[in-house]
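Read through the structure below, which is laid out as structure tokens, and then see the notes.
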Amino acid sequence: MSFDFNADEIFEMAEQIERNGAAFYRNSAKGVSDAKSREFLLGLAAMEDQHEKTFSAMRDGLTDREKTPTAFDPNNEAVLYLKALADSRVFVERKMPDLESFAGRSQEEILEEILKFAIGAEKESIVFYLGMRDAVPDKLGKNRLDAIIKEEMGHIRMLSNRLLAARR
């Protein structure tokens, strides 16, 4: 089954990806005992929360025409498909580290696994947002989407630097 998504649906998917990311970082923070690492992960969660708010604001600015469904969908299956797509993409599709499997592992090993997963997920979010950018008109805040892409790239730099420091 193939769907063409309108701008409203694309922003809805982006909001879900950011919620998934924030939940991942918060859950991961529970798995580390080091206060600095926990604070770092919770800071990333807060950034993902802010991205979700940005997408929500962009979505609120859409016109009725931009919210018009692109296909006849009396059972609202597109919304279910979107949620499944967003949930299967970033921060979920890749096997998330299971905090219970961390038992008996050092804090360094735990943090390294969390950071490697997060780097991959952030890369996937950038790929998604780059594709999404073509569907967002300038007047709806393409520049804000570009800013979020740059922030996600910044997340990769922060995560990579933290990973390098953890390996030393």
Side-chain angles (χ1 to χ4, degrees), residues 7-62 79 82-133 135-136 140-168:
D8 184 57
E9 294 164 332
I10 290 169
F11 284 127
E12 181 179 348
M13 201 177 335
E15 288 174 52
Q16 184 64 46
I17 287 169
E18 296 300 329
R19 280 190 294 273
N20 292 347
F24 166 75
Y25 286 123
R26 283 192 182 89
N27 190 44
S28 294
K30 294 175 188 174
V32 296
S33 59
D34 175 56
K36 283 186 180 183
S37 295
R38 189 174 14 241
E39 185 178 314
F40 174 73
L41 293 168
L42 291 174
L44 287 167
M47 289 180 204
E48 302 295 354
D49 290 338
Q50 191 55 49
H51 293 173
E52 180 189 354
K53 289 177 185 172
T54 299
F55 286 130
S56 179
M58 292 169 80
R59 190 171 171 209
D60 288 344
L62 295 172
V79 172
L82 277 173
K83 178 155 178 27
L85 186 61
D87 282 346
S88 70
R89 289 269 185 223
V90 181
F91 288 107
V92 178
E93 179 178 80
R94 304 168 84 248
K95 178 71 175 127
M96 276 198 211
D98 180 9
L99 297 182
E100 292 176 14
S101 71
F102 290 159
R105 296 174 70 187
S106 72
Q107 282 296 298
E108 292 81 17
E109 290 173 316
I110 294 169
L111 184 60
E112 185 172 331
E113 190 163 335
I114 290 169
L115 294 172
K116 287 191 298 189
F117 175 86
I119 289 167
E122 293 287 357
K123 286 178 182 177
E124 290 173 10
S125 72
I126 290 169
V127 170
F128 175 80
Y129 295 141
L130 285 171
M132 184 179 146
R133 200 169 69 183
V136 178
L140 287 180
K142 186 180 278 195
N143 62 335
R144 286 185 279 174
L145 185 54
D146 288 338
I148 287 175
I149 291 168
K150 286 180 184 171
E151 282 188 39
E152 298 292 357
M153 291 172 153
H155 291 182
I156 292 173
R157 281 190 300 278
M158 290 186 320
L159 290 161
S160 296
N161 289 339
R162 192 66 177 234
L163 181 59
L164 287 173
R167 289 180 172 167
R168 289 183 188 158

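What you see is a predicted model, and the numbers here were worked out from it, not measured in a lab. Residues: numbered from 1 along the sequence shown.
With hydrogens and angles disregarded, a donor-acceptor distance shorter than 3.5 Å links the side chain of Ser125 to the backbone of Glu122. Although no hydrogens or angles enter the test, the distance criterion places a donor-acceptor pair under 3.5 Å between the side chain of Gln107 and the main chain of Ser33. Of the possible polar contacts, one joining the Arg38 side chain to the Val32 backbone as a donor-acceptor pair under 3.5 Å is found.
The shortest non-hydrogen separation linking Arg19 to Glu12 is NH2-O, 4.4 Å. Considering every non-hydrogen atom in both Ile110 and Gly31, the closest pair reads CG2-O, 3.6 Å. Summarising the geometry of Tyr25 relative to Leu41, their closest heavy-atom pair is CB-O, 3.3 Å, with the distance given to 0.1 Å. Nearest heavy atom pair, residue Ala118 against residue Phe24, reads CB-CE2, 3.8 Å. Looking at every heavy atom in both residues, Leu111 comes nearest to Ser37 through CD2-OG, 3.3 Å.
In this structure, Glu18 CD and Asp49 CG are separated by 9.0 Å, a value rounded to the nearest 0.5 Å. Summarising the geometry, atom CG belonging to Asn27 is positioned 8.5 Å from atom CD1 belonging to Ile114; distances are rounded to the nearest 0.5 Å. Between Lys30 atom NZ and Leu42 atom CG the span is 10.0 Å, to the nearest 0.5 Å.
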Apply the test side-chain contact (heavy atoms from CB on, under 4.5 Å) to residues His155 and Glu152: give CA-CA distance (whole Å), side-chain angles for both, the deciding distance (0.1 Å), then the verdict. CA-CA 5 Å; His155 291 182; Glu152 298 292 357; 3.2 Å; yes

Please assess Glu48 against Glu52 for the test side-chain contact (heavy atoms from CB on, under 4.5 Å), listing each intermediate value before the final yes or no. CA-CA 6 Å; Glu48 302 295 354; Glu52 180 189 354; over 6 Å; no

Criterion side-chain contact (heavy atoms from CB on, under 4.5 Å) on Met158 and Leu44, from CA distance to verdict: CA-CA 10 Å; Met158 290 186 320; Leu44 287 167; 3.4 Å; yes

How far apart are the C-alpha atoms of Ile119 and Arg162, what are their side-chain angles, what is the distance that settles it, and do they pass the side-chain contact (heavy atoms from CB on, under 4.5 Å) test? CA-CA 11 Å; Ile119 289 167; Arg162 192 66 177 234; over 6 Å; no

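Contact check for Glu124 versus Val127: no side-chain heavy atoms found under the 4.5 Å cut-off. A heavy-atom distance below 4.5 Å is not found between the side chains of Phe117 and Leu159.
Between Phe11 and Phe55, the ring planes are tilted. Angles from 30° to 60° get that label.
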